[in-house]
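First comes the structure, then the notes that go with it.
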Amino acid sequence: MQYRTIGDTPVSAIGLGAMPLSIEHRPDQERAMATLHAALDAGVTLIDTADSYQWHADEVGHNELLIARALARYGGDTSRLLVATKGGRGRPGDGTWTVTATAAHLKRAAEASLKRLGTETIGLYQLHKPDPTVPWSDSVGALRDLLDAGTIRSAGISNVTTDQIREAHAILGDGLVSVQNQYSPAVRDSEPELRLSSQLGLAFLPWSPLGGISRSSLGGPSGRQVADTAFHRIAAERGVSPQQIALAWLLTRSPAVIPVPGASRPVSIQDSAKAADLKLSEEEQTQLDGAALPS
């Protein structure tokens, strides 16, 4: 497994997005546990979660609790594992998402996440999404307070613009270590945010990194995936999955990139983890850079 860094913490170049283990169509607990354990066995040392990764309204923190149980039952070494969680969004149980990023809410949410994860501090706490009803400086200021209190060790921001990254960096300084935006073969709108993250020394964690290759857990049943793209052709030539090619391509975009593909089966994360050691040729990179996939 290759490694990259989030702040001063080395993590596996491929992480695990744990959301599919807790939302609609989630696997049973046994398979969810097996998926988390398979990730650890494959060398994954970054697990991405959120307090809002749940299905029903009355199970806030479902994903965080699942991860805590899986780690408690794992027989191997977890000392190098970074669990990154997020606060500021909610799910009322009807399939929709809400946004609440007041300073008071974020502080309460972080304390609750800390209890569910059962650790002394949260390794990486990310503001899930800007709240249009709250000044950005207030939301980011809550992260500053959480850092100062020792509730969180480092901070990240998600679903943000370049201006929001700059403002957060001015407030948080070295406490800000990551940006998490949607970025994939099909969705490349966050190129400016990726470039700025690289310039500022921030890790860039693409969510839904397999867009155009595999359907996102956030999507509905529509949106048939295209199976004849440069990603699929190169995968066939290499004898690997298109998902591996997509993740390997993302890693070539910048040393700051650390994809966090979702998985709900052990075989999925085992396959994704192999992308960290898959080297693309310059010709393959050029083909993939120019491949326009439907979102």
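Quick caveat, the model's predicted, so the values are computed rather than measured.
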>> For a 4.5 angstrom cut-off between non-hydrogen side-chain atoms, does Arg116 reach Val60?
In response: yes
> Going by heavy atoms in the side chains, are Arg153 and Leu82 under 4.5 Å from each other?
Replying inline: yes
>> Check this for me, if you would: do Asp51 and Lys86 make a salt bridge, where the nitrogen-to-carboxylate-oxygen distance has to be below 4.0 angstrom?
In response: no
> Taking atom types as modelled and ignoring hydrogens, do the side chains of Tyr53 and Glu64 form a donor-acceptor contact shorter than 3.5 angstrom?
Replying inline: no
> Going through the checks in order, is the side chain to side chain donor-acceptor pair (under 3.5 Å) test met by Asp48 and Trp207?
Replying inline: CA-CA 10 Å; Asp48 182 73; Trp207 62 262; over 6 Å; no
> Do Leu205 and Tyr3 share a hydrophobic cluster, counting only Ile, Leu, Val, Met, Phe, Trp and Tyr and linking them when any side-chain heavy atoms are less than 4.5 Å apart?
Replying inline: no
> Side chains of Pro259 and Leu251: closer than 4.5 Å at any heavy-atom pair?
Replying inline: yes
>> Please say yes or no: joined through hydrophobic side-chain contacts below 4.5 Å, possibly via intermediate residues, are Leu124 and Leu71 part of one cluster?
In response: no
>> Show the nearest heavy-atom pair for residues Ser154 and Gly123, with the distance to one decimal.
In response: OG-O, 2.6 Å
>> Let me confirm one number: the CZ-OG distance from Phe204 to Ser198, rounded to the nearest 0.5 Å.
In response: 8.5 Å
> If you look at every heavy atom in Gly262 and Leu16, which pair is closest and at what distance?
Replying inline: C-CD1, 4.5 Å
>> Has Trp136 got a side-chain atom pairing as donor or acceptor with Gln164's backbone, closer than 3.5 angstrom?
In response: yes
> In Å, rounded to the nearest 0.5 Å, how long is the span from CG of Asp131 to CG of Asp138?
Replying inline: 10.5 Å
> Would Arg253 and Asp289 pass as an ion pair if we require N to O under 4.0 Å?
Replying inline: yes
>> Could you go through Thr5 and Val11, starting from their C-alpha distance and side-chain angles, then the distance that decides it, and tell me whether this counts as side-chain contact (heavy atoms from CB on, under 4.5 Å)?
In response: CA-CA 6 Å; Thr5 58; Val11 297; over 6 Å; no
> Is the count of non-hydrogen atoms from other residues, nucleotides or ligands lying under 6.0 Å from Glu283 atom CD greater than 12?
Replying inline: no
>> Donor-acceptor pair, distance only, cut-off 3.5 Å: does the side chain of Ser139 make one with the backbone of Ala101?
In response: yes
>> Would you compute the distance between atom CZ of Arg265 and atom CG of Leu21 and round it to the nearest 0.5 angstrom?
In response: 12.0 Å
>> side-chain contact (heavy atoms from CB on, under 4.5 Å) for Ile6 and Ile258? Distances and angles first, verdict last.
In response: CA-CA 9 Å; Ile6 299 179; Ile258 305 171; 3.6 Å; yes
>> For Gln243, is there any backbone N or O sitting under 3.5 Å from a side-chain donor or acceptor partner on Asp271?
In response: no
> Which atom names give the shortest non-hydrogen contact between Ser22 and His62, and what distance separates them?
Replying inline: OG-ND1, 2.7 Å
> Which residues pass the salt bridge (Lys or Arg N to Asp or Glu O under 4.0 Å) test with Asp277, sequence neighbours left out?
Replying inline: none
>> Quick check on the hydrophobic clustering: are Leu202 and Leu147 connected, directly or via other members, by side-chain heavy-atom contacts under 4.5 Å?
In response: yes
>> Test of understanding: clusters of I, L, V, M, F, W, Y form through side-chain heavy atoms closer than 4.5 Å, transitively. Do Ile171 and Ile165 belong to the same one?
In response: yes
> Judged by atom type as modelled, is there a donor-acceptor pair below 3.5 Å linking the side chain of Thr121 to the main-chain atoms of Gly150?
Replying inline: yes
> Does some side-chain heavy atom of Arg31 sit less than 4.5 Å from a side-chain heavy atom of Ser264?
Replying inline: yes
> Backbone N or O of Pro10 within a donor-acceptor pair of the Arg4 side chain at under 3.5 Å?
Replying inline: no
> CD1/Ile14 to CD/Gln2 distance, rounded to the nearest 0.5 angstrom?
Replying inline: 10.5 Å
>> I need the minimum non-hydrogen distance between Leu172 and Ala155, along with the two atoms involved.
In response: CD1-CB, 4.1 Å
>> Please check if the number of heavy atoms outside Arg69 that lie under 6.0 Å from its CZ is greater than 12.
In response: yes
> Would Asp41 and Tyr74 count as a side-chain contact (heavy atoms from CB on, under 4.5 Å) if you check the C-alpha gap in whole Å, the side-chain angles of each, and the deciding distance to 0.1 Å?
Replying inline: CA-CA 10 Å; Asp41 289 342; Tyr74 185 65; 2.6 Å; yes
> Does a side chain donor of either Glu59 or Gln54 reach within less than 3.5 Å of an acceptor in the other side chain?
Replying inline: no
>> Holding to ring-ring contact (aromatic ring centres under 6.0 Å, His included), I want the full list of residues that pass it with Phe231, two or more places apart in sequence or in another chain.
In response: Trp249
>> Quick test of your reading of the model: are Asp163 and Arg166 salt-bridged, counting only N-O distances below 4.0 Å?
In response: yes
> Does any N or O in the side chain of Thr102 come within less than 3.5 Å of the main-chain N or O of His105, such that one atom is a donor and the other an acceptor?
Replying inline: yes
>> To the nearest 0.5 Å, what is the distance between CG on Leu117 and OG1 on Thr49?
In response: 7.0 Å
> Can you name the nearest heavy-atom pair linking Ile213 to Pro185, along with the distance?
Replying inline: CG1-CG, 4.0 Å
> Between Ile234 and Leu247, is there a shared hydrophobic cluster once you connect ILVMFWY residues whose side-chain heavy atoms come closer than 4.5 Å?
Replying inline: yes
>> Measuring only between side-chain heavy atoms, which start at C-beta, is Gln199 closer than 4.5 Å to Leu196?
In response: yes
> Does Ser52 use its side chain to pair, donor to acceptor, with the backbone of Gly90 at less than 3.5 Å?
Replying inline: no
> Just wondering, are more than 12 heavy atoms of other shown residues or ligands nearer than 6.0 Å to CG in Asp8?
Replying inline: no
>> Any salt bridge linking Glu167 with Arg144? Criterion: basic side-chain nitrogen under 4.0 Å from a carboxylate oxygen.
In response: no
>> Under the criterion side-chain contact (heavy atoms from CB on, under 4.5 Å), I'd like the reasoning laid out for Arg89 against Thr98: C-alpha separation, chi angles, the key distance, then a yes or no.
In response: CA-CA 5 Å; Arg89 303 204 74 178; Thr98 59; 5.7 Å; no
> Closest heavy-atom contact between Val99 and Pro130?
Replying inline: CG1-O, 3.6 Å
> Thr229 and His232: side-chain donor and acceptor closer than 3.5 Å?
Replying inline: yes
> Can you tell me if CZ on Arg80 sees more than 12 non-hydrogen neighbours from other groups inside 6.0 Å?
Replying inline: no
> Checking Ser113 side chain against Ala109 main chain: does a donor-acceptor pair fall under 3.5 Å?
Replying inline: yes
>> Side chains of Val179 and Gln126, heavy atoms from C-beta outward: is any pair under 4.5 Å?
In response: no
> Could you state the interatomic distance from CG (Leu46) to CG (Leu81), rounded to the nearest 0.5 Å?
Replying inline: 8.0 Å
>> Using modelled atom types and a 3.5 Å cut-off, is there a donor and acceptor pairing between side-chain atoms of Asn181 and backbone atoms of Val160?
In response: yes
> If you measure only the distance, is there a donor-acceptor pair under 3.5 Å linking the side chains of Tyr183 and Asp189?
Replying inline: no
> Just wondering, do Ile67 and Thr85 contact through their side chains at under 4.5 Å, heavy atoms?
Replying inline: no
> Is any side-chain N of the basic residue among Glu24 and Arg91 closer than 4.0 Å to the acidic one's carboxylate O?
Replying inline: yes
> Partners of Gln270 by side-chain contact (heavy atoms from CB on, under 4.5 Å), sequence neighbours excluded?
Replying inline: Ala38, Pro266, Val267
> Do you see a donor-acceptor pair shorter than 3.5 Å between the side chains of Ser184 and Ser208?
Replying inline: no
> Below 4.5 Å, heavy atoms only, C-beta onward: do Asn159 and His128 meet side chain to side chain?
Replying inline: yes
